[in-house]
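Have a look at the structure below before the remarks.
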There are 2 protein chains.
Amino acid sequence: MEEKRYLPHIAYDSVIFGFSGNQLKILIMKYHNTGLFALPGGFVKMDEDLNAAVRRGLKERTGLDNIYLEQFYTFGDVARYQSGVMKTILEANGYSVPENHWMLDRFISIAYYALINYDKVVPTPDALSDSCDWYALDKLPPLMQDHRLIVEKALQTLRDNLERKLVGVNLLPPLFTMNELQKVYEAILGEKLRRTTFQRKMLSLNFLQRHDKQYSGKAHKAPYLYSFKQ
Amino acid sequence: MEEKRYLPHIAYDSVIFGFSGNQLKILIMKYHNTGLFALPGGFVKMDEDLNAAVRRGLKERTGLDNIYLEQFYTFGDVARYQSGVMKTILEANGYSVPENHWMLDRFISIAYYALINYDKVVPTPDALSDSCDWYALDKLPPLMQDHRLIVEKALQTLRDNLERKLVGVNLLPPLFTMNELQKVYEAILGEKLRRTTFQRKMLSLNFLQRHDKQYSGKAHKAPYLYSFKQ
DNA sequence: TAGTTATTGTCTCAATTTGTGACAATAATA
DNA sequence: TATTATTGTCACAAATTGAGACAATAACTA
């Protein structure tokens, strides 16, 4: 936490989405000895691109490179600045915090969301936290500061983008069935979709490559596997 | 330009769209004695909400409150920081600039676009610039730093949002004809639209309130005037 | 081995939306 | 009174989407 290395007043927060058990989940950090839950976030080094800083943090939390990442909003209200919270966290970790410590200042935060393959992730806490875990969106713990709002805006943006881009595939492994893709869409949109209409729509977009069938061992017809073209 | 009053490293830029002569235009500042053109922008006071700072700047440049405003991206690459440019501008205005002046630091910039009624605006330069003028999008002067990129991303976002929200009306006066609205859409999308389809679409959205006809003095049927509901 | 079960791929038809042109209505002009 | 330019609306075709039907099939059951 060397003071001079980071841009003051500037932070980022990331809403990292994964898909498991037919549910949309996100990664949440829990800070040492405080009961405080927060989104994974961090600071930008003096000579580092903003996007690079976020990818660096993502790599540390998930072990993954080349993550689908999108910036969606910058939160800049004065009210989000509560120096007491940061002080609590730092002191719970044994730091003695001078009044004018840079981490107690007001921050604006650039928020990103990421879509990753749940199975590939090894959630990893940082120095200040004792866990980094998946939480289903409807079972989030109380989050510190305005992080709840950030999550909601991330989900809203993801929904909006889902209809324009084919981002849903980033939550799945390279090969997936049409039904799995539909479940992802249903989890994101929060509504049931019609099987035939969904399949027709997806295929008409010409972004899916069909592969061999997947024999699941279940007593029914085996579905095709698909991958995302390009 | 009192140093302590602004958050360091943080700026905003605004792409202010207006509609005139069937063209989309934006406001561009020209700095004193430098030949440099730039987007209107500014800094955030220590105790000021980010959005409030942008509205404050908008008010100064246009004279307007209650502007339709949307944040669309935060630019945070290291490469956008060119201390030489800022130094040139400051020195051309007679400031003597110490090496470590806060305005020469690296900045990240939160970019917004605004939609306003062209006729209501009184473009007003700031202390460092000698003009603030409308430029058609296809006749922009060379812009400093990455401002060209910011404009392009603003236009892209505006296009994307046009299909989801009914933002186009913000570029028109309170009462407008269907044809005027169509011209706005065509200017934003950069393509001709079909009259009947456009009219049917707009009316089906149920956001338009029909008023009396507008007698223009032209030799043809007078069109209805519309306003935006709510 | 033949029937059963659950799910899948595909097809069909209806309903809705969009593309395209036609045409009468109308405000000012000649 | 005819002409002109544009508008509001309608009609029909084309395309897309909604909703269900049904045969195909992988594994299980008996």
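We name chains A, B, ... by the order of the sequence lines, and we start the count at 1 in each one. Just the heavy atoms: all of them, side chains too, but no hydrogens, waters or symmetry mates, feed the values below. Since this is a predicted model, take the numbers as computed values, not measurements.
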For this session: Can you tell me the distance, in whole Å, between the CZ atom of A:Arg200 and the C1' atom of C:dT16?
Result: 12 Å
Problem set entry | Short N-O contact, A:Glu48 and A:Arg56, less than 4.0 angstrom | yes
Exercise. Distance from B:Ile26 atom CD1 to B:Leu140 atom CG, nearest 0.5 Å?
Worked result: 4.5 Å
Exercise. When the distance from CD of B:Gln214 to C1' of C:dT26 is rounded to whole Å, what number comes out?
Worked result: 15 Å
For this session: Run the salt-bridge test on A:Asp133 and A:Lys30 with the 4.0 Å N-O cut-off and return the result as yes or no.
Result: no
Problem set entry | Atom pair CD/CG of A:Glu186 and A:Leu193 - distance to nearest 0.5 Å | 4.5 Å
Exercise. Is the closest side-chain heavy-atom distance between A:Trp134 and A:Tyr118 below 4.5 Å?
Worked result: yes
Problem set entry | Given DNA chain D, 5'-ward residue of the pair A:Ser204 and A:Tyr215, judged by closest heavy atom | A:Ser204
Pairs under 3.5 angstrom only: tabulate donor-acceptor contacts from the side chains of residues 206-213 of chain A to other protein residues two or more places apart or in another chain.
| unit_1 | atom_1 | unit_2 | atom_2 | d |
| --- | --- | --- | --- | --- |
| A:Arg210 | NE | A:Tyr226 | OH | 3.1 |
| A:Arg210 | NH2 | A:Tyr226 | OH | 2.9 |
| A:His211 | NE2 | A:Ser227 | OG | 2.7 |

Problem set entry | Below 4.0 Å: OP1/OP2 of C:dG19 and any side-chain N or O of B:Arg194 | no
Tabulated below should be each protein N or O lying under 3.5 Å from an N or O of nucleotides 5-9 of chain C; please produce it.
| unit_1 | atom_1 | unit_2 | atom_2 | d |
| --- | --- | --- | --- | --- |
| C:dT5 | O2 | A:Ala219 | O | 3.0 |
| C:dA6 | N3 | A:Ala219 | O | 3.3 |
| C:dT8 | O2 | A:Lys221 | NZ | 3.3 |
| C:dG9 | OP1 | A:Tyr224 | N | 2.8 |
| C:dG9 | O4' | A:Lys221 | NZ | 3.4 |
| C:dG9 | N7 | A:Arg195 | NH1 | 2.9 |
| C:dG9 | O6 | A:Arg195 | NH2 | 2.8 |

Exercise. Within this structure, what is the CD-to-C1' distance between A:Glu191 and D:dG18, rounded to whole angstrom?
Worked result: 14 Å
